[in-house]
Amino acid sequence: MKIKFIPLDYDSVNIGDKTYMKIFGRTSDGKDCCVIDRAISFFYVISKKPERLLKKIQKIKEIKKVEVLDKNYLEKPVKAIKVFCEHNKISDVSDKIKKIDKTIMRREKDINLTTKYIIESGIKPFCWYEINGEIASEFDFKGLSNSINVDLVIKLEKSLELKNQKEFSPKVLAFDIETEEFEIGKGKILMISFVSDNLKKVLTFKKIKNPQSYVEICNDEVDMIKKFQEYVKKINPDIITGYFSDGFDMPYLRARAEKNKIDLKIGKDNSRILFSKGRPVNARTKGIVHVDLLKFIQTAYSQYLQLETLSLNEVAKELLKEGKKEINFKNIKQTSGDKVWENFFEYNLNDSVLTYKLFQKLWPDMLEFTKIIQEPLFSVTRQGMSGLVESYIIHNLNRFNEIAEKRPIHDEIAIRRARKKYEGAFVLQPKPALYENLAIFDFMSMYSSIIVSFNLSGPTLLKKKEKNSFEINTENGKLYFSKKQGFIPKLLGEIIELRKKYKQELKNKPDNIKKARSNAFKLLANAYYGYQGFFGARYYCLEAAASTAAFARKFIKETIEKTNHGGYNVIYADTDGLAFSLNKKTKKQTLEFLKKLNSELPGIMELELEDFYKRGIWVTKRTGEFGAKKKYALINYKGKLKIRGFETVRRDWCPLAREVQNKILNKILKEGNEKSSLVYAKDIIRKLKKREIEKEFLIIKTQLKKPISEYKTISPHVVIAKKMKDQGLPVDIGLLIQYFIAESKLKKALVRERAKLPDEKGEYDIGYYLNNQILPAIENIFEVFGVNMKVIVDGHEQKKLGEF
DNA sequence: GTGCGTGCCCTACC
DNA sequence: ACCGGTAGGGCACGCAC
């Protein structure tokens, strides 16, 4: 028979002594389908004299087939023996070959079976195919089809990628649980909510009177978990999604199922939820793709989100413009009244609703990444950017006839991590002042364009100077790179081109898919440089990373020189951009000057105008009279502010300090002087001294970055974290610790001894907030105008200050 | 006992 | 462990005086 089919999830299974792929997906008429195919399993043996080796290798009985091929390995032509055997025999066979000769290079054993299958079969995720095959009978594959809960199980005979790739909207189930305890499995699950198309439900065993229609009351926890399982089966989604569900909801469900001796099976092949061994843990449900939105947001979205945390509440507020339902957890007990529980149900349901909407919002991005990277959705949503870069490279190696480099093992990683850091970007020290009439130029994707323009990669790195090679001076001497384009720079060049193409298409006719596609290529391009310097990368090359940084320093410094020579005054520069004052030059002249600079740049390097600015301010460092780097504020001719590095944009400063500084920067940039800001600042200080500022503006937030016990320095937020843990609150890595600094009877109490939880009793310490928050945030701004805040505060109000 | 350098720690910039 | 280096700045700590 012939069907139109779209693959969503991949899995492998051993039947007898053979390995098969199970490809879960949908048919064009919406049927649930599983296509069965033989797995494709092989690895390469690279040898200078393959003929001699071949005879010995062929004696190994597990090997099914060998081919001697001309391949490339790290750009160099090699003779390779492609050794085919069953997947579960690969390491046996490989070991036997190693025994023949220890030095023999074996490669691609470490490429995962699904990746290999996708590459070799060409059956890619979320791409429509015409599949020819037979319906598997109950006798095929030792009855495999009986164990798979789908409408159709097909033995694949032939597949053809369809020209007409129509859109596919997956059926999604979003879910969320609420529990008695935060620790995984410790208390009961109180309720499970889930949302799908036209369906909203809360399952619970709390028996309240007259519940809302979406509430379904179960007998007990066991019944509730079983009902959830039944609902998943009935809804039969393509994707099940949650928020931090890898780390909480899924492990909790498993723990409670185990505790209650429930055989919880969610997969379409009746398998249990599978958890990865490493950290962070991820949870897989076979056939139904489990997507944890948090992980994907962390890798693909967080750089665009200027949020204090990536909590569902904040992310939903930012992306969906709607937040979570507020609720006070502490008061909820089994004995609480029905009204309290009603609220709790509503809250729980709302989380699933938000998760569902968030999924729909992010879906174009996930889909585009999946299509570009060609890895299954499950792994795409869990890899970091370096993993995505690597997958992209691996899926494109066949075009270059390349054998993949091996993944570094433990010892190799240790060596790499121990290597000295290389010199990074150049940052120009600014001269503190208020400037007028500015412009910023920056290099478009500077590091990526350097990698492409100078062919910087491991395989193109030369051992010594060759005629006609690229060369660059680094802190470890000169390095040389071949001019024959390597596959890594080539692929990156393509990514940059595609990004440009889709960006243009997006401009011409905007839609979400184009936006997602353009963005995915942008992220991928930007991650390339980091990838080559990352110790876990197959194509790790510190020399290439160091050279990229060295070229960047060279070009930004040259551009600064040229700009100063061109009659401008460069104020500041960081990595790939420079700010300068126009002096008497016009915008038009400046754009002409930009053209000239561009005509002198090599390869695909390009300098752009970022914007013209009406005013800009640079301040001194707190220590010393020098201008502070990475700290400035600008206003453009439309009145839009660009604030970088200032306390205003730092979450570890209290809102009052941030707000006051923000207002002052705003006023100064708009008005061109400090006069009215000074009046404002004095007023705030007066209010603070009179304790007229609400405590909520004085809460300091700092993230817990590691387990409490690992801290060598016990700083205020660590003390607070301990307090919270003692109170039975969930204190985990990544938690944003909130506290304020209170007055103390002790004369010389440390800050940490004065730190209190926001709802703890105590008056805030006026002296601390004045001297450690407000003044530091505004002092060096006024200093630019020769105004000394300390003198003003002390001079006028010395007596009052003395009290603190 | 104070003052200062140093290291830890967090969070920003690009 | 899950992309890099550069930088500012608070806080705790320990040594010098």
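Per chain, numbering begins at 1; letters A, B, ... match sequence-line order.
In this structure, A/Gln532 does not reach the C/dC3 phosphate: none of its side-chain N or O atoms is under 4.0 Å from OP1 or OP2. For A/Arg644 and B/dC14, the shortest distance from a side-chain N or O to OP1 or OP2 is below 4.0 Å. Residue A/Asn526 places none of its side-chain N or O atoms closer than 4.0 Å to OP1 or OP2 of C/dG4. For the pair A/Arg752 and C/dC13, the criterion of a side-chain N or O lying under 4.0 Å from OP1 or OP2 is met. Residue A/Lys631 has a polar side-chain atom (N or O) positioned under 4.0 Å from OP1 or OP2 of C/dG9. The phosphate of C/dA7 has OP1 or OP2 within less than 4.0 Å of a side-chain N or O from A/Lys629. Contact annotation: A/Arg622 reaches the phosphate of C/dG10 (side-chain N/O to OP1 or OP2, under 4.0 Å). In terms of phosphate contacts, A/Lys706 brings no side-chain nitrogen or oxygen within less than 4.0 Å of OP1 or OP2 of B/dC8. Within the structure, every side-chain polar atom (N or O) of A/His717 is placed at least 4.0 Å from both OP1 and OP2 of B/dC9. The side chain of A/Tyr539 places no N or O atom within less than 4.0 Å of a non-bridging phosphate oxygen (OP1 or OP2) of C/dC3. In terms of phosphate contacts, A/Tyr572 brings no side-chain nitrogen or oxygen within less than 4.0 Å of OP1 or OP2 of B/dC14.
With C/dA12, B/dC13, B/dT11 as the choices, the nucleotide that has an atom nearest any side-chain atom of A/Asp652 turns out to be B/dT11. Among the nucleotides B/dC10, B/dC14, C/dA1, the one closest to the side chain of A/Thr702 is B/dC10. Of the listed nucleotides (C/dC2, B/dT11, C/dG5), C/dG5 has the atom at the smallest distance from the side chain of A/Lys421. Closest to the side chain of A/Glu647, from the set C/dT6, B/dC13, C/dG9, is C/dG9. You'll find that the side chain of A/Tyr422 is closest to C/dG5, out of C/dC3, C/dG5, C/dA7. Side chain of A/Val427, nearest nucleotide from B/dC14, B/dC13, C/dT6: C/dT6.
One interatomic measurement links the two molecules: CZ of A/Arg553 to P of B/dC14, which rounds to 18 Å at whole-angstrom precision. Put simply, CZ on A/Arg651 is 16 Å from C1' on C/dG8, counting in whole angstrom units. Here B/dC9 presents its C1' atom at 10 Å from NZ of A/Lys705, a figure rounded to the nearest Å. For the pair A/Ile733 CD1 and B/dC9 P, the computed distance is 13 Å after rounding to whole Å. Distance, A/Leu523 CG to C/dG4 C1': 16 Å, rounded to whole Å.
When side chains are defined from C-beta on, A/Pro602 counts as touching A/Phe555, because their heavy atoms get closer than 4.5 Å.
A/Gly530 comes within 4.0 angstrom of a nucleotide base, judged by non-hydrogen atoms across all strands.
Shown for residues 405-413 of chain A: no residue has heavy atoms falling under 4.0 angstrom of DNA chain B.
Between A/Phe441 and A/Phe580, the distance separating the two ring centers is shorter than 6.0 angstrom.
For the salt bridge (charged side-chain N to carboxylate O under 4.0 Å, His left out) criterion with A/Arg538, the lone passing option out of A/Glu390, A/Glu412, A/Glu405 is A/Glu390.
Judged by atom type and distance alone, A/Arg650 reaches the base of B/dT11 through a side-chain donor-acceptor pair under 3.5 Å.
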